[in-house]
Amino acid sequence: MVDPKESIDIENVVASTGIGQELDLESVAMDLEGADYDPEQFPGLVYRTQDPKSAALIFRSGKIVCTGAKSTDDVHQSLRIVFDKLRDLNIQVDDDPEIVVQNIVSSADLGSSLNLNAIAIGLGLENIEYEPEQFPGLVYRLDEPDVVALLFGSGKLVVTGGKRKEDAEEAVDTIVERLSDLGLLD
Amino acid sequence: RLRKWQERIRTKDAGERNLQFALSEIDRMASALGVPRSVREVASVIYRRALNEDLIRGRSIEGVATACLYAACRQEGIPRSLEEVSDVSRVEQKEIGRTYRYVAQELELKMEPVDPKQYVPRFASELELSEEVQSKANEIIDTTAEQGLLSGKSPTGYAAAAIYAASLLCNEKKTQREVADVAQVTEVTIRNRYQEQIEAMGIH
DNA sequence: ATTTTACTTTGTAAAGC
DNA sequence: GCTTTAAAAAGTAAAAT
């Protein structure tokens with residue numbers, strides 16, 4: 001049996017940062033090619049990087065949200081590109097702004113199909129949410145680590161809400177242990 | 001002092017009026033759905049609990065009332081799908097679903113997943129299918145569910161496929177369209193579930 | 001009848017309504 | 001609460017072929 005931990009893939013990393021300067025988004029939108037800015041719809045300007053692929057939300061305050069990257073390293077690479085693009089527009093950007101990872105979304109595979117009905121009862125109906133009429137995944141909120149897992153009948157799962165990649169590993173370990181104890185994992 | 005007293009009366013009256021409105025809405029929707037009086041009473045009890053726990057704040061009275069009725073139907077073993085409930089409510093399906101999940105969590109209703117078999121009598125009856133077809137559909141549901149085929153699937157689509165399969169096996173054939181219409185699912189869903197179920201039953 | 005596109009669920013930050 | 005962004009899981013649905 002392969003350790004489900006080895007199957008973990010980071011699918012999305014969300015991080016926030018700031019350049020330390022206020023911005024005139026109207027002019028940035030004019031000068032930055034590919035920028036999407038519609039203040040009526042959303043106060044942030046959207047700028048997408050191609051490699052690594054990501055989307056940056058740039059705000060008037062100078063704060064920036066980066067999402068869509070596949071690793072924390074990609075987040076730093078993407079934001080470096082964004083910072084340089086802004087510098088090209090003669091905008092002052094702090095030397096190396098602090099980048100804080102806010103959420104990591106991971107996927108994994110437990111290796112065998114799951115009986116979600118039995119798992120719902122086993123883990124306790126008060127501890128889970130399972131409404132197949134609304135969504136095929138069983139929602140399982142953990143306290144340690146503080147993340148949310150979505151379990152599917154195929155045995156695959158999604159872990160989100162964590163800030164370190166270790167959070168997903170610990171979550172998968174905990175889930176495997178609890179399901180095994182219940183005899184609900186082959 | 002008199003002002004405070006009058007304010008309390010006003011608040012109390014407003015609260016009473018809101019409760020009356022919620023209960024009358026539950027009554028109206030329950031009638032439209034054709035569910036027994038016991039379900040309305042269960043729904044009313046859930047609504048009063050939600051009110052006591054202050055779960056209505058930030059939500060519409062009718063949204064909570066509808067969600068309580070949906071939960072009550074399930075608790076009483078005669079479920080109505082969110083689509084069926086939204087058909088008699090002025091609240092949209094998505095909002096009813098969200099509110100239901102919120103109320104179920106907060107009141108710790110410990111709702112069990114809907115058993116597709118609970119839809120069989122009503123759907124089969126609307127299709128004028130025999131007792132034999134219903135028994136066969138139930139057998140298909142139990143057998144295939146035990147094999148893990150039910151995980152993640154919508155109970156209405158699952159029941160619809162089993163009824164369709166059973167109608168074929170018992171020579172009382174209904175078309176996928178006819179079954180899809182009463183269950184309010186698409187023919188594609190029936191086709192997909194039907195294939196899996198027949199496969200799991202070992203093609204009769 | 002199949003394929004494509006799109007929506008459902010989960011977390012998270014940002015500024016403003 | 002909402003708005004927007006990204007991504008996965010799998011089911012369902014509507015539209016396109």
Side-chain angles (χ1 to χ4, degrees), chain A residues 7-18 22-23 25 36-49 52-71 74-75 78 99-110 113-114 116 129-142 145-163 167-168 171, chain B residues 57-60 81-83 93-95 97-98 101 150-158 160 176 180 183-193 196:
Chain A
S7 72
I8 297 178
D9 280 326
I10 292 180
E11 306 288 354
N12 183 21
V13 177
V14 180
S16 60
T17 186
E22 291 229 339
L23 289 167
L25 294 183
D36 286 338
Y37 182 50
D38 183 0
E40 307 283 324
Q41 190 176 62
F42 187 69
L45 179 154
V46 182
Y47 181 74
R48 280 164 237 273
T49 61
K53 192 183 174 193
S54 76
L57 305 178
I58 306 172
F59 298 88
R60 177 194 48 74
S61 64
K63 290 188 177 181
I64 300 173
V65 171
C66 179
T67 182
K70 294 286 187 189
S71 68
D74 281 357
V75 167
S78 294
I99 296 172
V100 181
V101 173
Q102 303 287 357
N103 183 26
I104 294 180
V105 183
S106 300
S107 63
D109 192 345
L110 297 181
S113 60
L114 305 174
L116 298 184
E129 262 191 78
Y130 177 48
E131 292 294 331
E133 185 183 346
Q134 299 186 55
F135 186 69
L138 183 153
V139 183
Y140 188 37
R141 292 182 162 77
L142 305 191
D146 185 13
V147 299
V148 175
L150 307 178
L151 307 179
F152 296 87
S154 64
K156 292 186 177 181
L157 67 150
V158 169
V159 177
T160 186
K163 287 183 159 55
D167 288 339
Chain B
R57 189 171 293 176
R59 268 162 263 271
S60 72
S81 68
L82 283 173
E83 188 173 350
Q93 187 177 322
K94 191 173 163 182
E95 180 60 26
R98 285 186 178 182
R101 278 180 286 150
L150 179 57
S151 285
K153 271 84 166 196
S154 156
T156 49
Y158 208 88
Q176 294 180 357
Q184 291 187 288
V185 297
T186 64
E187 296 168 85
V188 179
T189 294
I190 289 185
R191 234 171 272 139
N192 291 336
R193 297 301 138 254
E196 291 177 353

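Chain A is the first sequence line, chain B the second, and so forth, proteins listed ahead of strands; every chain is numbered from 1.
- In this structure, B:Thr186 and B:Ala180 approach most closely via the heavy-atom pair C-CB, 4.1 Å.
- In the set C:dA15, D:dA14, D:dT12, the nucleotide with an atom closest to the side chain of A:Phe59 is C:dA15.
- Using a 4.0 Å cut-off, some side-chain N or O of A:Lys53 falls inside it from OP1 or OP2 of D:dA7.
- Between B:Lys153 and A:Pro132, the shortest heavy-atom contact is O-CB, 3.4 Å.
- Salt-bridge formation is not detected for the pair B:Glu95/B:Arg59: no Lys NZ or Arg NE/NH1/NH2 atom is positioned less than 4.0 Å from an Asp or Glu carboxylate oxygen.
- Between A:Phe42 and A:Phe59 there is a side-chain heavy-atom pair separated by less than 4.5 Å.
- Nucleic acid contact for A:Arg60: sugar-phosphate only, since backbone atoms but no base atoms lie under 4.0 Å from a heavy atom of the residue.
- Phosphate proximity of D:dC2 to B:Arg98: present, with a side-chain N or O under 4.0 Å from OP1 or OP2.
- A straight line from CG of A:Leu157 to C1' of C:dT9 spans 14 Å, rounded to a whole angstrom.
- The only member of A:Thr160, A:Ile104, A:Val65 that meets side-chain contact (heavy atoms from CB on, under 4.5 Å) when paired with A:Val14 is A:Val65.
- One can place CG of A:Asp167 at 11 Å from P of C:dT12, the figure rounded to the nearest angstrom.
- As rounded to the nearest Å, D:dA7 and C:dA15 have C1' atoms that lie 24 Å from one another.
- Looking at A:Val105 and A:Val159, their side chains never come closer than 4.5 Å, going by heavy atoms from C-beta outward.
- Within the structure, a side-chain polar atom (N or O) of A:Ser61 is placed less than 4.0 Å from OP1 or OP2 of C:dA15.
- An OP1 or OP2 oxygen of C:dA14 is reached within less than 4.0 angstrom by no side-chain nitrogen or oxygen of A:Ser16.
- Helical stems of DNA chain D (runs of at least 3 Watson-Crick or G-U pairs, donor-acceptor distances under 3.5 Å) are listed by first residue: C:1-8 with D:10-17, C:12-17 with D:1-6.
- Nearest-nucleotide positions on DNA chain D for B:Ser151 and B:Arg59 put B:Arg59 closer to the 5' end.
- B:Gly152 comes within 4.0 angstrom of the backbone, heavy atoms only, and of no base.
- In this structure the side chain of A:Glu133 reaches within 4.5 angstrom of the side chain of B:Ser81, judged on heavy atoms.
- To the nearest angstrom, P of C:dT12 lies 16 Å from CZ of A:Phe42.
- Looking at the side chain of A:Glu11, the nearest of the listed nucleotides D:dA7, C:dT10, D:dA10 is D:dA7.
- Residue B:Thr189 places at least one side-chain N or O under 4.0 Å from the OP1 or OP2 atom of D:dA13.
- Within the 4.0 Å cut-off from OP1 or OP2 of D:dG11, not a single side-chain nitrogen or oxygen of B:Arg193 is found.
- In this structure, CG of A:Asn103 is placed 12 Å from C1' of D:dT5, rounded to the nearest angstrom.
- Within the nucleic acid shown, B:Val185 comes within 4.0 Å of sugar-phosphate atoms alone, with no base atom in reach, counting heavy atoms only.
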Point to revise | From CA spacing to verdict: side-chain contact (heavy atoms from CB on, under 4.5 Å), A:Val101, A:Val75 | key: CA-CA 9 Å; A:Val101 173; A:Val75 167; 5.7 Å; no
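- Within 4.0 Å (heavy atoms only), A:Ser107 reaches no atom of the nucleic acid at all.
- A:Val148 comes within contact range of the sugar-phosphate backbone alone, with a heavy-atom separation under 4.0 Å but no base atom that close.
- The distance between atom CD of B:Glu83 and atom C1' of D:dG11, rounded to the nearest whole Å, is 15 Å.
- Here D:dA13 presents its C1' atom at 17 Å from NZ of B:Lys153, a figure rounded to the nearest Å.
- In this structure, B:Glu187 places its CD atom 13 Å from P of C:dT2, rounding to the nearest Å.
- Without hydrogens or angle criteria, A:Lys70 side chain to A:Glu11 main chain gives a donor-acceptor distance under 3.5 Å.
- The phosphate of D:dA10 (OP1 or OP2) has a side-chain N or O of A:Ser154 nearer than 4.0 angstrom.
- Toward the 5′ end of DNA chain C lies the nearest nucleotide of A:Asn12, the other residue of the pair A:Asn12 and A:Gly62 mapping further downstream.
- Separating the NZ atom of A:Lys63 from the C1' atom of C:dA15 is a distance of 10 Å, rounded to the nearest angstrom.
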